[in-house]
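The basis for the numbers below is simple: all heavy atoms, side chains too, and nothing from hydrogens, waters or symmetry mates. Start at 1 and go down the list; that is how both ligands and their atoms are numbered.
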Amino acid sequence: MKKLIVANFKMNEPNLKNWSGFKPPKGAEVVICPSFLQLNFFNKIKNGFKLGAQDLFWENLRSGGAYTGEISANMLKNSGVEYVIVGHSERRKWLGESDEIINKKLKTALAGGLKAILCVGEPKEVRKHGLKTAKNFVRGQLKKDLLGIKKSELKNITIAYEPIWAIGTGTPDKPNEAEEMANFIKTLISVKVLYGGSVNSKNSEKFLSHKDIDGALVGGASLDPKEFKKIASIGSH
Ligand code: PGA
């Protein structure tokens, strides 16, 4: 099955020279989420991949509005964006994004015609009590983040399961436990589930070969186009 491979550049500015001829491997389904400042560049070179943003604001006034520093769904659409990451744990941590804010952003993304990638995942203190406790934590996040979202809207939402302790640490989850979590999420709602947290070209096959893991959200390893292409290639067959 074809997997969705999403690059999350976070607050990094990869050298655009290295990306100028970028084309994903044949058959791969790829989304690139650069910083807002590099969206325009990736929109121009877009060839066989989709464009994503890392965040949006919860108001979507077509005429714009007085929200200093914010970017609306409409502005993203006008920049060629189709996907938006919502509720990444780094924003929950550093920007204090609550489930309530995430829920508003999710609704705004969908109303604005964007596909949302909703990130959920437990901290280490939770996981140390076992996978069952982690599942309960994730269930709680999903309940709050998806409050008021209609079943018919779920087709435009992809869940990224990203255990916080696995992000940027070089210590990914065990593939079979990530699969178990993905399967659990699918017993709650009918969505695609990605795994994220220290995915690279060496370990991605172990995750992507599982049937309930529909793709990967890749941070650090997505900054190098050669490395990212390898992961996309593994996800394409
Ligand atoms: P990582 O980040 O691949 O660098 O662990 C993943 C993410 O936070 O989306």
Side-chain angles (χ1 to χ4, degrees), residues 3-14 19 24 28-36 38-39 42 49-56 81 83-97 102 105-106 109 114-124 126-127 134 137-138 141-142 145 157-175 177-179 181-182 185 191-208 210 213-235:
K3 308 278 174 163
L4 180 66
I5 310 296
V6 183
N8 175 13
F9 288 176
K10 310 193 180 187
M11 196 181 72
N12 292 295
E13 265 190 318
W19 285 88
E29 209 179 329
V30 166
V31 178
I32 296 182
C33 305
S35 73
F36 290 132
Q38 291 188 333
L39 279 176
F42 280 93
F49 65 87
K50 306 246 165 82
L51 196 57
Q54 297 173 22
D55 184 37
L56 84 169
V81 168
Y83 284 82
V84 62
I85 298 172
V86 178
H88 193 283
S89 60
E90 286 152 9
R91 295 196 63 83
R92 292 180 192 252
K93 179 179 176 190
W94 299 110
L95 282 303
E97 283 199 7
I102 290 160
K105 289 188 171 188
L106 201 54
L114 296 167
K115 291 192 167 80
I117 298 168
L118 170 65
C119 301
V120 294
E122 80 289 350
K124 206 180 194 124
V126 168
R127 183 60 171 261
F137 182 91
V138 166
Q141 281 185 317
L142 288 171
D145 297 347
I157 299 177
T158 298
I159 304 296
Y161 169 59
E162 298 205 304
I164 295 171
W165 48 271
I167 297 176
T169 58
T171 309
D173 200 356
K174 291 196 186 85
E177 298 198 347
E179 163 72 5
M181 181 64 88
I185 292 170
V191 282
K192 280 192 178 174
V193 181
L194 314 179
Y195 167 74
S198 298
V199 172
N200 58 38
S201 65
K202 293 198 177 70
N203 63 26
S204 55
E205 177 110 54
K206 294 195 187 91
F207 289 97
L208 298 172
H210 282 283
I213 297 177
D214 300 301
L217 181 52
V218 189
S222 72
L223 293 168
D224 171 7
K226 286 199 192 99
E227 168 78 357
F228 183 62
K229 217 168 167 168
K230 277 191 207 160
I231 301 170
S233 166
I234 291 162

Legend entry - N or O contact, Gly219 vs ligand 1, cut-off under 3.5 Å: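 Yes; the residue has a nitrogen or oxygen that sits under 3.5 Å from a nitrogen or oxygen of the ligand.
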Legend entry - Ala221 to ligand 1, any heavy atom closer than 4.0 Å: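 So Ala221 does not count as touching ligand 1.
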Legend entry - Worked verdict on His88 versus Glu162 for side-chain contact (heavy atoms from CB on, under 4.5 Å): CA-CA 9 Å; His88 193 283; Glu162 298 205 304; 3.2 Å; yes
Inset, instruction - Show which atoms of ligand 1 fall inside a sub-4.0 Å distance from at least one heavy-atom site of Gly197. - result: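 Those qualifying, in numeric order: 5 (O).
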Legend entry - Location of contacts on Asn8 toward ligand 1, heavy atoms closer than 4.0 Å: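 Asn8 to ligand 1: side-chain contact only, backbone stays beyond 4.0 Å.
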Inset, instruction - With rounding to the nearest 0.5 Å, note down the distance linking NZ in Lys105 to CG in Asp145. - result: 12.0 Å
Inset, instruction - Please say whether Thr169 places an N or O atom under 3.5 Å from an N or O atom belonging to ligand 1. - result: no
Inset, instruction - Report the relative orientation of the aromatic rings in Tyr161 and Tyr195; use parallel for angles under 30°, tilted for 30 to 60°, perpendicular for over 60°. - result: tilted
Legend entry - Ser198 to ligand 1, any heavy atom closer than 4.0 Å: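 So Ser198 counts as touching ligand 1.
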Legend entry - Which of the ligand 1 atoms, numbered from 1, are nearer than 4.0 Å to a heavy atom of Gly168: 1 (P), 4 (O), 5 (O)
Legend entry - Numbering as shown, the atoms of ligand 1 that approach Ile167 to under 4.0 Å (heavy-atom distance): 2 (O), 5 (O), 8 (O)
Inset, instruction - Do me a favour and list the nearest non-hydrogen protein atom to atom 9 (O) of ligand 1 with residue, atom name and distance? - result: Glu162 OE2, 2.8 Å
Inset, instruction - Starting from the C-alpha separation in whole Å, work towards a yes-or-no answer on side-chain contact (heavy atoms from CB on, under 4.5 Å) for Thr169 and Trp165. - result: CA-CA 7 Å; Thr169 58; Trp165 48 271; 5.7 Å; no
Legend entry - Contacting atoms of ligand 1, where contact means under 4.0 angstrom from a heavy atom of His88: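 Reading through ligand 1 atom by atom, the close ones are 7 (C), 8 (O), 9 (O).
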Inset, instruction - Please report which non-hydrogen protein atom sits nearest to atom 4 (O) of ligand 1, along with the residue it belongs to and the distance in Å to one decimal place. - result: Gly220 N, 2.8 Å
Inset, instruction - Step through the shown structure and confirm whether more than 12 heavy atoms of other residues, nucleotides or ligands are within 6.0 Å of NZ on Lys10. - result: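 Enclosed: over 12 neighbouring heavy atoms sit under 6.0 Å from NZ of Lys10.
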Inset, instruction - Could you grab the distance from atom CD1 of Ile159 to atom CE of Met181, nearest 0.5 Å is fine? - result: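 Ile159 CD1 to Met181 CE: 12.0 Å, rounded to 0.5 Å.
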Inset, instruction - Determine whether more than 12 heavy atoms belonging to other residues, nucleotides or ligands lie under 6.0 Å from atom NZ of Lys229. - result: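 Correct, the count exceeds 12.
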Legend entry - Closest protein heavy atom (residue, atom, distance) for atom 2 (O) of ligand 1: Lys10 NZ, 3.1 Å
